[in-house]
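Proteins get letters first, then strands, A, B, ... in listed order; numbering begins at 1 in each.
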Number of protein chains: 2
Amino acid sequence: MADSRTRRDRVGAAAITVDLVIFTVRDDELHVLVIERGKEPYLGRLALPGGHVRDDETLDEAALRELAEETGLDGRKLHLEQLRAYGDPGRDPRGRVVTVAYLALGPDMPLPVAGTDARAARWVPVQPLLEESAALAFDHGVILREGLERARSRLEYTTVAAAFCPETFTVADLRRVYEVVWGVRLDPSNFRRKVTRAERFLIPTGERRTPGTGRPAALYRRGPAQLLHPPLLRTGDVARAQSTGPGLR
Amino acid sequence: MADSRTRRDRVGAAAITVDLVIFTVRDDELHVLVIERGKEPYLGRLALPGGHVRDDETLDEAALRELAEETGLDGRKLHLEQLRAYGDPGRDPRGRVVTVAYLALGPDMPLPVAGTDARAARWVPVQPLLEESAALAFDHGVILREGLERARSRLEYTTVAAAFCPETFTVADLRRVYEVVWGVRLDPSNFRRKVTRAERFLIPTGERRTPGTGRPAALYRRGPAQLLHPPLLRTGDVARAQSTGPGLR
DNA sequence: TCAAAAGTGTTGGCCATACACCCATGC
DNA sequence: GCATGGGTGTATGGCCAACACTTTTGA
């Protein structure tokens with residue numbers, strides 16, 4: 001490669017950050033954790049939690065640290081995976097900032113009390129955020145959308161849906177996760193057959209939980225399986241309507 | 001966030017690069033494009049092609065530019081998608097370098113003649129590279145492995161397998177792509193049924209191609225479909241043996 | 001020169017499985 | 001009303017056999 005560079009060839013250093021798309025299910029609705037920005041740019045606007053990557057930590061470690069700082073929870077109990085990097089030159093008016101987005105899935109969590117962090121973090125429903133394109137600062141709206149699609153896709157082929165549930169849960173709890181994340185209604189009978197047939201996905205605890213009304217439901221604990229065999233596919237209509245497909249933007 | 005930082009808290013700028021995992025199928029074997037490094041570190045070692053992201057370009061643009069520089073081909077004719085970011089503090093001995101890896105899939109391409117670029121780029125079979133863990137410089141062995149798994153997964157749910165084929169191709173050509181990338185044998189009859197049933201995947205050209213021996217095969221052109229409905233799933237054994245699953249490393 | 005063999009693509013059938021839809025039952 | 005379980009028709013996939021078309025081989 002040539003070592004002499006013209007002005008257009010200039011390569012400078014960039015700031016590296018991580019941003020987190022943290023989903024949970026509360027009140028039968030998908031929520032995402034957002035913070036209210038306390039400084040310019042985008043002062044007062046909602047944004048995804050995140051921060052700078054330190055010199056001595058990996059990207060994964062930075063994501064875990066930010067997760068702990070923003071939610072007060074142990075990231076090792078959540079599902080956490082890298083989404084992708086976003087680095088358009090103009091995405092941050094302060095200069096070149098490349099952010100590595102992470103997707104986190106967890107059960108309905110107690111929020112960090114106000115004061116543990118300067119920024120006020122809170123759960124907000126995802127749907128309204130998707131409809132208003134400029135609801136989030138920077139390009140966080142795009143990141144949120146791609147995080148949602150990744151989460152929807154992950155539910156098909158992996159067992160991460162259980163990450164949305166507490167320690168023990170019923171098949172109906174798990175089904176509600178799928179229904180809320182995918183935005184569809186699922187047949188309880190077929191759903192039960194599929195998730196109980198999958199090996200090492202659900203481990204019966206032997207206990208039962210009595211809902212306000214109706215027959216007591218069996219309680220399960222999460223099994224060691226990571227991949228779903230066979231996968232729980234969204235039906236054609238759902239997949240076509242929601243999937244964005246791969247490729248460059 | 002606190003503005004006072006201890007030594008451990010230090011956040012500095014990082015260099016941003018893109019690296020490309022470029023796959024093709026030649027002689028019924030999966031190949032990847034590698035270059036031989038012409039300077040330290042890892043002088044003389046094989047590496048994935050890539051380079052620095054310029055100040056005024058997006059990550060995608062940098063990937064397209066590097067692809068053109070290294071292969072001499074128009075990246076818009078290939079399938080190109082971001083894999084993920086790699087940024088461990090020690091991955092480059094020269095300092096903090098965060099690289100954004102891209103996956104590219106294309107038909108068997110003429111290589112750039114020696115001299116267009118200082119580095120000698122060439123196709124090498126993937127399998128031996130996987131078996132020798134330190135065959136590639138930096139953490140490129142990890143990137144290659146994750147790129148391969150992504151490619152294998154993409155073949156299941158999308159129509160990108162056609163990106164490995166020339167303008168017009170036969171069903172058997174397409175089947176060989178699946179067999180080579182997945183490393184399995186597929187039933188010709190079932191494969192034909194599935195790919196021809198998928199809507200807008202294959203468009204018959206009306207022409208036929210006569211192989212060295214045997215019945216002439218119908219020629220197809222790639223259709224506009226991006227997603228495969230229904231998907232062409234790897235069977236349980238194959239998926240279990242090859243898939244790495246999501247999550248942090 | 002012609003016929004048989006070999007090789008590859010193409011088509012269709014059979015069967016087991018999996019799923020969607022529906023209904024019955026327990027609490 | 002909700003969880004659970006079973007039953008049935010349909011769709012799909014795996015396996016297999018037959019057929020179509022061409023080149024090669026050899027008498």
Distance-only check: which donor-acceptor pairs under 3.5 Å involve side-chain atoms of residues 126-136 of chain B, not counting sequence neighbours?
from, atom 1, to, atom 2, distance (Å)
B/Q127, NE2, B/E131, OE2, 3.2

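- A donor and an acceptor atom, one from each side chain of B/H31 and B/E29, are nowhere located under 3.5 Å apart.
- Among the nucleotides D/dT22, C/dT11, C/dA18, the one closest to any side-chain atom of A/R197 is C/dA18.
- Partners of B/P216 under the side-chain contact (heavy atoms from CB on, under 4.5 Å) rule, at least two apart in sequence or in another chain, are B/R208, B/T210.
- Legend: residues meeting ring pair (Phe, Tyr, Trp, His ring centres under 6.0 Å) with B/Y157, ordered by chain and number and at least two apart, are A/Y157.
- The listed nucleotides are D/dC21, C/dC19, C/dT10; the one nearest the side chain of B/A218 is C/dT10.
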- Sugar-phosphate atoms are those with a prime plus P, OP1 and OP2; base atoms are the rest. Using that split, label each nucleotide of nucleotides 2-7 of chain C B, S or - for protein heavy atoms under 4.0 Å, 5' to 3'. -----B
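- At whole-Å resolution of the value, CG in A/D28 and P in D/dC2 are 11 Å apart.
- Counting to the nearest Å, the P atom of C/dA18 and the NE2 atom of A/H229 are 14 Å from each other.
- Across the protein-nucleic acid pair, A/L174 atom CG and D/dC2 atom P stand 18 Å apart, rounded to whole Å.
- If you check every strand for non-hydrogen atoms under 4.0 Å, A/R209 touches nothing.
- The phosphate of C/dG9 (OP1 or OP2) has a side-chain N or O of B/R175 nearer than 4.0 angstrom.
- Looking at residues two or more places apart in sequence or on another chain, you find a side-chain contact (heavy atoms from CB on, under 4.5 Å) between B/A217 and B/T170.
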- Query: Going through the distances and angles, do B/R222 and B/E167 end up as a salt bridge (Lys or Arg N to Asp or Glu O under 4.0 Å)?
  - Reply: CA-CA 8 Å; B/R222 203 186 159 164; B/E167 190 74 18; over 6 Å; no
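- Contacts of B/D139 classified as salt bridge (charged side-chain N to carboxylate O under 4.0 Å, His left out), with partners at least two apart in sequence or in another chain: B/R91.
- Atom CG in A/L186 sits roughly 16 Å away from atom C1' in D/dA3 (whole-Å rounding).
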Could you list the donor-acceptor pairs under 3.5 angstrom formed by side chains in residues 191-199 of chain B, with sequence neighbours left out?
from, atom 1, to, atom 2, distance (Å)
B/R193, NH2, B/N190, OD1, 3.0
B/T196, OG1, B/R192, O, 2.6
B/T196, OG1, B/R193, O, 3.3

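- Residue B/R176 is classed as a sugar-phosphate contact, given heavy-atom separations below 4.0 Å to backbone atoms only.
- At whole-Å resolution of the value, CZ in A/R234 and P in C/dC19 are 17 Å apart.
- One atom, CG of B/L233, and another, P of C/dA18, lie 13 Å apart when rounded to the nearest Å.
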Pull out every protein N or O sitting under 3.5 Å from an N or O of nucleotides 21-23 of chain C, one pair per line with the distance.
from, atom 1, to, atom 2, distance (Å)
C/dC21, N4, A/N190, OD1, 3.0

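- Spacing between atom CZ of B/F191 and atom C1' of C/dT11 amounts to 17 Å, rounded to whole angstrom units.
- Evaluation of the side-chain contact (heavy atoms from CB on, under 4.5 Å) rule for B/S189 yields B/D187 as partners, not counting sequence neighbours.
- Checking C/dC19, D/dG13, C/dT10 against every side-chain atom of B/K194, the shortest atom distance belongs to D/dG13.
- Atom CD in A/E207 sits about 18 Å away from atom P in D/dA3, given to the nearest Å.
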